[in-house]
Colleague: 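This is the structure I want to talk about, given as structure tokens.
All figures in this text were calculated on a predicted structure; none of them were measured in a lab. Counting starts at 1 for both ligands and their atoms, following the listed order.
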Amino acid sequence: MTKKFQTLKGFYDVLPERQRLWRYFEEKVLYILDQYHYQEIGLPLVEPTELFVESVGSHTDIVEKEMYSWEDHLNKDKLTLRPEGTAGCVRAIVENSLTYNGPVKLFYRGAMFRHENVQKGRQRQFHQVGVEAFGLEKPETDAEQILLLGRLWKSLDLKNITLELNSIGDPKDRIVYREKLISYFEDNKEVLDDDALRRLYENPLRILDSKNKQMQSMLNSAPKLIDYLSNDAKQHFENLCSILKEHNLEFKINTRLVRGLDYYNRTVFEWVSNDLGSQGTIAGGGRYDYLVERIGGKPTSACGFAIGIERIILLLEDLNRENNKILPDIYIVNLGDMARPFAFTIAENLRNDGLKVGLNMEGSSFKSQMKKADKSGARVALIIGDQEAENKIIQVKLMRDDGIQESVEEKNISLFIKDKINFEK
Ligand code: HAM
């Protein structure tokens with residue numbers, strides 16, 4: 001008996017219909033990234049496990065329970081499928097001395113892997129576009145990245161999205177705050193759930209992020225980190241807020257926003273859609289001025305974010321727009337043993353001339369091939385039988401101009417079609 005295989009839980013095929021939306025999204029985002037002068041960097045899917053432990057943090061959900069890690073039995077290396085892109089990007093700028101000549105603005109895209117509970121908008125293999133700026137400490141960089149995202153949502157026509165913003169200060173600001181927070185939680189221990197109790201001394205800030213309904217009123221009254229910021233951090237945050245206001249970007253300050261990765265300081269932000277249920281964050285990021293040094297580089301300020309592509313695709317699907325289906329310019333119908341190789345050559349020649357060509361290779365009846373030509377959405381159908389192959393003359397049917405049909409000599413075919421469809425390259 002043959003065995004059938006299925007994708008693993010949380011891993012998905014992207015079927016052509018959805019992949020088209022994906023491409024639509026990528027075209028928009030790439031255009032905007034070019035506008036803001038970010039350059040693309042390609043990064044490996046696999047990195048040393050230690051890189052993520054050091055950067056994302058050993059007491060985060062990602063490192064504690066979500067990484068696909070293993071030991072390479074050939075050389076005993078401890079490896080991990082990247083759960084996010086910032087760590088690898090920082091490794092790459094340090095390894096290649098990319099900031100040697102000053103600041104760099106980079107982006108990457110591709111698959112990330114986290115062994116999470118699967119639900120709508122939460123997968124085990126998902127895809128991000130990540131953006132990172134290095135060597136830029138002023139709040140204009142944070143503002144530029146946030147405005148870039150606002151511009152992207154607009155260009156994709158996405159509505160119902162809110163920006164949540166917070167500053168979590170610098171590590172030294174957090175020393176006093178951490179003690180205050182722990183003692184507040186200790187006073188409210190009876191309200192803490194198991195997760196919170198587990199994090200109490202390891203990562204108390206993360207408790208603020210909890211969605212547990214029973215804990216909300218206690219969390220709302222907890223001491224706020226924003227009240228413990230140094231003057232510099234406060235000023236940085238105020239400047240960021242005023243730039244955003246100046247550019248009419250609405251935001252909500254969420255003093256409980258801390259994000260689930262340990263490398264952040266000062267600015268943190270999330271863009272949340274109200275149309276996706278509980279997994280509504282479509283992009284998140286912030287500043288991480290201490291990470292480059294931690295990973296072995298010189299002290300370098302940094303700021304970035306990542307967009308979750310699948311979540312954007314879900315929103316685009318809901319918009320139900322007839323998206324940019326890529327249609328062939330030409331569909332070639334052919335019938336007969338002489339017609340087949342002739343049609344094949346014509347198809348290749350037209351592609352040499354830059355045209356998009358669908359070629360019927362099934363040899364089905366003329367009627368069924370014409371139906372396929374119609375369905376393909378091509379502007380022009382070429383009809384080739386053995387007689388046409390012999391005389392080197394092709395029947396050209398203009399599908400959208402009342403189906404007008406003309407005979408055209410093979411040598412003129414490309415120019416004829418380009419003229420009819422106003423082809424521009
Ligand atoms: P993150 O918040 O972990 O940040 O992920 C960014 C985005 O990726 C999320 O807002 C969400 O849209 C998407 N995402 C995360 N996990 C999943 C999942 N399991 N399934 C589907 N989508 C998911 C980071 O990864 C940081 N590296 C962002 C960053 C870059 N910060 C600074 N630079």
Colleague: Could you tell me the residue and atom name of the protein heavy atom closest to atom 27 (N) of ligand 1, and the distance to it rounded to 0.1 Å?
Modeller: Glu84 OE1, 2.6 Å
Colleague: Considering Tyr263, Phe305, Tyr108 one by one, which has a heavy atom nearer to atom 26 (C) of ligand 1 than any of the others?
Modeller: Tyr263
Colleague: How far is atom 31 (N) of ligand 1 from the closest protein heavy atom, and which atom is that?
Modeller: Tyr264 OH, 2.6 Å
Colleague: Is a side-chain N or O of Thr300 found less than 3.5 angstrom from the main chain of Lys298, in a donor-acceptor match?
Modeller: yes
Colleague: Under 4.5 Å between any side-chain heavy atoms of Leu257 and Leu165, yes or no?
Modeller: no
Colleague: Would you call the rings of Tyr68 and His115 parallel, tilted or perpendicular, where under 30° means parallel and over 60° means perpendicular?
Modeller: tilted
Colleague: Under a 4.0 Å threshold between the charged nitrogen and the carboxylate oxygen, would Asp209 count as salt-bridged to Arg206?
Modeller: yes
Colleague: Under the side-chain contact (heavy atoms from CB on, under 4.5 Å) test against Met215, which residue among Asn220, Asp195, Val191 passes?
Modeller: Val191
Colleague: Between ligand 1 and Gly130, can you find any atom pair, the residue atom being a heavy atom, that is separated by under 4.0 Å?
Modeller: no
Colleague: Work out whether the distance between some heavy atom of Ala283 and some atom of ligand 1 is less than 4.0 Å.
Modeller: yes
Colleague: What are the atoms of ligand 1, with element, lying closer than 4.0 Å to any heavy atom of Gly285?
Modeller: 31 (N)
Colleague: Please determine whether side-chain contact (heavy atoms from CB on, under 4.5 Å) holds for the pair Gln39 and Lys105, giving the CA-CA distance in whole Å, both sets of side-chain angles, and the decisive distance to 0.1 Å.
Modeller: CA-CA 6 Å; Gln39 299 189 72; Lys105 292 165 67 175; over 6 Å; no
Colleague: Out of Arg114, Gln123, Glu310, Arg259, whose heavy atom is nearest to atom 3 (O) of ligand 1?
Modeller: Arg114
Colleague: For Tyr100, is there any backbone N or O sitting under 3.5 Å from a side-chain donor or acceptor partner on Ser97?
Modeller: no
Colleague: Which one of His127, Glu132, Gln128 has a non-hydrogen atom at the shortest distance from atom 8 (O) of ligand 1?
Modeller: Gln128
Colleague: Heavy atoms, side chains only, cut-off 4.5 Å: are Asn203 and Asp262 in contact?
Modeller: yes
Colleague: Please say whether Tyr288 places an N or O atom under 3.5 Å from an N or O atom belonging to ligand 1.
Modeller: no
Colleague: Could you check atom 21 (C) of ligand 1 against the protein and tell me its nearest heavy-atom contact, residue, atom and distance included?
Modeller: Gly121 O, 3.2 Å
Colleague: Specify side chain, backbone, both or neither for Cys303, according to which of its non-hydrogen atoms lie closer than 4.0 Å to ligand 1.
Modeller: neither
Colleague: Please write down residue, atom name and distance for the protein heavy atom closest to atom 30 (C) of ligand 1.
Modeller: Thr86 OG1, 3.0 Å
Colleague: Please state which part of Arg311 comes within less than 4.0 Å of ligand 1, counting heavy atoms only: side chain, backbone, both or neither.
Modeller: side chain
Colleague: Just need the protein heavy atom nearest to atom 9 (C) of ligand 1, so name the residue and atom and give the distance.
Modeller: Thr281 O, 4.0 Å
Colleague: Salt bridge or not between Lys418 and Asp353? Use side-chain N to carboxylate O under 4.0 Å.
Modeller: no
Colleague: Which protein non-hydrogen atom lies closest to atom 23 (C) of ligand 1, naming both residue and atom, and how far is it?
Modeller: Phe126 CD1, 3.4 Å
Colleague: Give the residue and atom name of whichever protein heavy atom lies nearest to atom 13 (C) of ligand 1, and the separation in Å to one decimal.
Modeller: Gly308 CA, 3.6 Å
Colleague: Quick one, Glu362 with Lys372, criterion side-chain contact (heavy atoms from CB on, under 4.5 Å). Give me CA distance, side-chain angles, the key distance, then yes/no.
Modeller: CA-CA 11 Å; Glu362 295 154 34; Lys372 291 211 164 122; 2.5 Å; yes
Colleague: Evaluate side-chain contact (heavy atoms from CB on, under 4.5 Å) for His127 paired with Trp22, printing each intermediate quantity in order.
Modeller: CA-CA 10 Å; His127 297 76; Trp22 204 289; 3.5 Å; yes
Colleague: With a 4.0 Å cut-off on heavy atoms, is Trp271 touching ligand 1?
Modeller: no
Colleague: Report the part of Leu261 (side chain from C-beta onward, or backbone N, CA, C, O) that has a heavy atom under 4.0 Å from ligand 1; answer both or neither where that applies.
Modeller: side chain
Colleague: Tell me the protein heavy atom at minimum distance from atom 19 (N) of ligand 1, and give that distance in Å.
Modeller: Glu116 OE2, 2.6 Å
Colleague: Do the side chains of Glu47 and Arg82 get close enough for a salt bridge, i.e. N-O under 4.0 angstrom?
Modeller: no
